[in-house]
Amino acid sequence: MATGVTANRAELIAIANSVASEKMIDKAIVIEAMEDAIQRAARTRYGQEMDIRAKLDANNGDLRLWRVVEVVEEVDDLYKQVDVKGAQKLQAGAVVGDYLVDPLPPIEFGRIQAQAAKQTIFQKVRDAERERQYEEFKDRSGEIITGVVKRVEFGHIVVDLGRAEGVIRRDAQIPREVVRVNDRIRSLILKVVRENRGPQIFLSRAHPDFMKKLFAQEVPEIYDGIIEIKAAARDPGSRAKIGVISHDSSIDPVGACVGMKGSRVQAVVQEMQGEKIDIIPWSPDTATFVVNALQPANVARVVIDEEEDRIEVVVPDDQLSLAIGRRGQNVRLASQLTAKAIDILTETDASEKRQNEFVKNSETFQNELDVDETLAQLLVAEGFSALEEVAYVELDELAGIEGFDEDLAQELQSRAQEALERREQANREERQALGVDDALADLPYMTEAMLVTLGKAGIKTLDDLADLATDELIEKKRQEPRRRNEDAPKRPEHKGGVLGEYGLSEEQGNEIIMAARAHWFDDEPAAEAGSEAEEA
């Protein structure tokens, strides 16, 4: 009999050691799972209502089983309580309030109890393994990891990472890349998500950071921080651009990334399935960086519109197709790299555009300021493009134009202010004819022109305006690129917000909407007072 007990003890410890080693989890967790399984089996044998505890010695496999009872004056629960008289039999000197240990004899595991214990242990070990996997990978987002392709399911690649599994979803793969089971594959840990069925590790080979990490592995200067990749953009499987800068003036960032005879960049290109990479010197000057990003095309001029956050690039007529690239790829990657919207114009187009704007602004000044064509063209040539600029510019700046004096400058400003007043009055009359409430005119940032636009859109009361979301009010209309490949898919028309043309900021839009909704909240105290009066 003694020999059988010893064998069982040794077997328990051997099982615990084996499971802990195989699953790479703490042995204490496996011992705890076994104790829990034994406790469940004991409750099945002696009663589920009992508070039964089990303790398994991790060194020699010695198992102790007991139940815990509370000493009380009057017993309400026979399974968990005992009176003072019964307690004296268990432990001399026991008093009310003590918790006593009542040893239990060992139990025999039947087939059902053994199966239940096995399931309990498996579940505990599985939970511990999932927690271990999550803790191991949760802080590794952004790292490159190597794994083995385990299977391909519905276009998604499942990768064996050794201690866990990751998945490369279809949209995170390099297009047209052929992957087979048991292939070794490198990928970027995109994110790790905790879920009930275990941590989900999402991998990517199409993310720009994957390319940046590959360069860090191939170029020691990047790994050491001497060269920094400031921006990256990819069209996975086809072409990519990276902007690099050197913090050491003696090191050429582009040459270091290319390597001797292109060895370094070729290693990255091979890993990315032949994706062509343009390495571009980064510059803090936006215009210079845009010119570099559009390589290999030559750029004649760059115009930055900070208000619209767009960049207009003028290229020679023979460089247009090169600047745009096949299916717009070159300008699209340059836009992603610089985080700016880029419009491409030829010099002919730019000249025509400037001429049209010149004529339009000259006619406006002629009609509104009642001046001759020469004076109107002179104002436009000096950079004035709107009546507001003439009306509110510093008088010295206007008088400083060649051929102008202070009297002429004052007269022009006076006429510009009168023209703006006439325009405002006309808008006011049109707004009233449209039936727009005067209450809308009291809202912040509102002008008569804005109120006319609202009236034409059917927004005529505070409630009409209050029902809008901020982006429905102020979102700017998305401009189509000036040059677009004929084969590119057409995007649906984006009409923008009702007041998108007026350049309101998001904060201003929020303030207008909240001011329009203020009367909703003003009615609440009155309604509450009426309800209280009715109850009284």
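The model shown is predicted, which means the values in this text are computed figures rather than measured ones.
- No side-chain donor-acceptor contact under 3.5 Å links Arg205 to the backbone of Met272.
- Panel note: side chain Ser246, backbone Ser249; no donor-acceptor pair is recorded below 3.5 Å.
- Of the candidates Val244, Ile245, Val254, Asp252, Pro281 forms a side chain to side chain contact (heavy atoms under 4.5 Å, CB included) with just one, namely Val254.
- Side-chain N or O atoms of Glu218 include none that pairs as donor or acceptor with a backbone N or O of Leu214 at under 3.5 Å.
- Residues Ile189 and Leu203 are in side-chain contact: their nearest non-hydrogen atoms beyond the backbone lie under 4.5 Å apart.
- In this structure, Glu271 does not pair ionically with Lys213, as no charged nitrogen and carboxylate oxygen lie closer than 4.0 Å.
- Heavy atoms only, all atoms of each residue included: Asp235 and Gln329 are closest at OD2-NE2, 2.9 Å.
- Checked options Ile145, Val192, Leu190; the residue passing with Ile201 is Val192 (criterion: side chain to side chain contact (heavy atoms under 4.5 Å, CB included)).
- Checking each of Lys353, Arg301, Arg354 against Glu312 for a salt bridge (Lys or Arg N to Asp or Glu O under 4.0 Å) leaves exactly one that passes, namely Lys353.
- In this structure, a donor-acceptor pair under 3.5 Å is present between the side chains of Thr288 and Asp285.
- Going from atom CG of Asp160 over to atom CG of Asn182 covers 10.0 Å, rounded to the nearest 0.5 Å.
- Considering every non-hydrogen atom in both His156 and Val167, the closest pair reads CB-CG2, 4.0 Å.
- Asn330 places a side-chain N or O within 3.5 Å of a backbone atom of Leu294 that can act as its donor or acceptor partner.
- Arg234 is listed as a side-chain neighbour of Phe210, based on a closest heavy-atom distance under 4.5 Å.
- No side-chain donor-acceptor contact under 3.5 Å links Arg264 to the backbone of Phe215.
- The pair Lys276-Asp278 does not meet the salt-bridge criterion, since no charged nitrogen lies less than 4.0 angstrom from a carboxylate oxygen.
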With salt bridge (Lys or Arg N to Asp or Glu O under 4.0 Å) as the criterion, how do Glu165 and Arg151 come out once you've worked through the C-alpha distance, each side chain's angles and the decisive distance to 0.1 Å?
CA-CA 11 Å; Glu165 285 186 357; Arg151 59 185 180 275; 3.8 Å; yes

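- For the pair Glu352/Asn356, a side-chain contact is recorded, criterion being any heavy-atom separation below 4.5 Å from C-beta on.
- One finds no salt bridge joining Arg130 and Glu195 here, because no Lys/Arg side-chain nitrogen approaches an Asp/Glu carboxylate oxygen to under 4.0 Å.
- For Phe358, the CZ atom sits in a packed shell: over 12 heavy atoms of surrounding residues, nucleotides or ligands are nearer than 6.0 Å.
- Considering only heavy atoms from C-beta on, Lys340 stays 4.5 Å or farther from Ile304 through its side chain.
- Checking Asn361 against Ser385 by side-chain atom types alone, no donor-acceptor pair falls below 3.5 Å.
- At least one side-chain heavy atom of Met446 sits under 4.5 Å from a side-chain heavy atom of Leu465.
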